[in-house]
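First comes the structure, then the notes that go with it.
Sequence positions, counted from 1, serve as the residue numbers for this chain.
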Amino acid sequence: MDGNSHPLRRKISATDWAIKGELFLNCNCTVFCPCVVSLGAHPPTEGYCQAWMAVAIDEGHFEGEDLSGLNIGILADIPGRMAEGNWKVALYVDERASDTAYDGLGRIFSGTAGGTTGLFTMLVSEIIGMEREKVDIMREGTKRGLYIGRKIHGEIEMITGTDPSQPVTMTNTQYWMGPDVIAARGLKSKVRDYGRVWDLSGKSGEICAIDWKGAAK
């Protein structure tokens with residue numbers, strides 16, 4: 001991935017791929033992330049974004065290679081408005097992934113496979129690392145967790161609404177992740193990798209069902 005770290009060297013090639021599952025994250029916004037409703041045009045509440053993201057792939061493939069059941073972790077460091085780019089990203093790929101799946105997931109999350117994540121070729125200025133890891137994801141009731149060794153220990157919990165059986169949800173958005181985004185809050189949530197030492201406990205969280213695909217005809 002080092003040779004493809006700069007977006008000008010990352011060219012989109014339409015590919016047959018698809019991922020269905022769930023993405024959840026914890027960022028440093030003090031209240032619910034304004035990027036969802038502003039589509040990245042409004043600055044994060046602190047002026048910059050520090051986040052971890054988790055992707056649980058329930059069903060998926062990349063050019064015939066099965067991706068189902070794999071977990072992905074992401075570290076994202078964004079200096080300002082999300083839509084303005086300059087993202088620095090690290091990708092942690094499930095150690096259970098085959099070599100073909102590993103390479104395919106690298107293409108999907110760098111944007112070069114096109115389709116839903118193709119915008120990453122413009123937004124991500126540097127891929128600071130891509131490595132195989134034991135990526136554990138927890139999805140239990142209203143709680144979600146991402147655990148990658150000592151590098152990321154992240155837990156969030158849905159925020160309940162007037163009906164305590166239902167979480168607070170923003171629906172029908174045009175957000176890149178998906179139209180319906182559940183509001184959450186960080187519990188014990190810490191990142192320590194690539195020179196980043198973040199504590200996102202108590203900060204904004206999001207949970208979103210995803211249905212992403214490539215643009216191959």
Side-chain angles (χ1 to χ4, degrees), residues 7 10 12-60 62 67 72-89 91 105 107-125 139 142 144 146 156 158-163 166-186 200 203-217:
R10 293 206 305 274
I12 291 177
S13 176
T15 308
D16 176 25
W17 67 270
I19 288 176
K20 290 185 180 180
E22 187 177 76
L23 184 152
F24 59 91
L25 64 85
N26 192 186
C27 69
N28 66 316
C29 283
T30 53
V31 190
F32 186 67
C33 173
C35 296
V36 176
V37 67
S38 73
L39 305 182
H42 191 284
T45 67
E46 306 309 288
Y48 56 90
C49 175
Q50 299 170 337
W52 60 257
M53 305 179 188
V55 178
I57 303 174
D58 296 326
E59 301 175 34
F62 179 86
L67 304 178
I72 305 297
I74 300 168
L75 178 155
D77 193 350
I78 304 170
R81 293 176 175 85
M82 181 174 282
E84 291 180 352
N86 293 318
W87 301 13
K88 291 181 171 61
V89 170
L91 185 65
L105 288 163
R107 289 187 59 191
I108 290 170
F109 285 94
S110 68
T112 61
T116 305
T117 57
L119 75 167
F120 290 172
T121 60
M122 297 179 289
L123 297 177
V124 177
S125 63
R139 292 190 284 171
T142 60
R144 299 291 186 271
L146 172 66
I156 62 175
M158 299 177 187
I159 298 173
T160 56
T162 301
D163 178 352
Q166 300 294 325
V168 173
T169 306
M170 182 169 289
T171 63
N172 195 36
T173 76
Q174 297 183 51
Y175 200 40
W176 68 271
M177 291 187 337
D180 302 322
V181 183
I182 296 171
R185 181 182 296 111
L200 305 178
K203 305 296 186 179
S204 174
E206 300 168 21
I207 303 169
C208 182
I210 59 173
D211 186 359
W212 299 346
K213 55 183 65 68
K217 301 300 183 183

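- Rounding to the nearest 0.5 Å gives a distance of 12.0 Å between OG1 of T160 and CD1 of I182.
- Residue R81 holds its CZ atom at 14.0 Å from CG of L39, rounded to the nearest 0.5 Å.
- Taking NZ of K88 as the reference point, atom CG of L75 lies at 12.0 Å (rounded to 0.5 Å).
- In this structure, OG1 on T117 lies 8.5 Å from CH2 on W176, to the nearest 0.5 angstrom.
- Considering every non-hydrogen atom in both M53 and A76, the closest pair reads CE-CB, 4.2 Å.
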Handout entry: side-chain contact (heavy atoms from CB on, under 4.5 Å) assessment of E22 paired with R144
Key = CA-CA 10 Å; E22 187 177 76; R144 299 291 186 271; 2.6 Å; yes
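- Taking CD1 from I57 and NZ from K20, the interatomic distance works out to 13.5 Å, rounded to the nearest 0.5 Å.
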N/O donor to acceptor pairs below 3.5 angstrom from side-chain atoms of residues 204-214, sequence neighbours left out:
residue	atom	partner	partner atom	Å
S204	OG	C33	N	3.2
W212	NE1	M177	O	3.0

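- Residues M170 and F32 meet the side-chain proximity criterion, which asks for heavy atoms closer than 4.5 Å.
- Here the side chain of W87 pairs a donor or acceptor atom with the backbone of M82 at under 3.5 angstrom.
- F109 and F120 get closest at one heavy-atom pair: O-CD1, 3.2 Å.
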Exercise for the section: Start with the C-alpha gap between Y48 and N28, add the side-chain angles, then the distance that decides, and say whether side-chain contact (heavy atoms from CB on, under 4.5 Å) holds. Expected result: CA-CA 8 Å; Y48 56 90; N28 66 316; 3.3 Å; yes
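- Residues A184 and I156 approach most closely at CB-CD1, 4.0 Å, considering heavy atoms.
- Taking CE of M122 as the reference point, atom CD1 of I12 lies at 6.5 Å (rounded to 0.5 Å).
- Looking only at distances, no side-chain donor or acceptor of N86 sits under 3.5 Å from a matching main-chain atom of L123.
- Judged by distance alone, the side chain of T173 and the main-chain N or O of Y175 form a donor-acceptor pair under 3.5 Å.
- For the residue pair P44 and G80, the shortest heavy atom distance occurs at CD-O, 3.3 Å.
- For the pair T116 and L119, the tightest heavy-atom approach, listed with the atom from each and the gap, is O-CD2, 3.1 Å.
- Here the closest non-hydrogen pair linking T45 and P34 is CG2-CD, 4.0 Å.
- Within the structure, the salt bridge (charged side-chain N to carboxylate O under 4.0 Å, His left out) test picks out no pair touching residues 27-48 (sequence neighbours left out).
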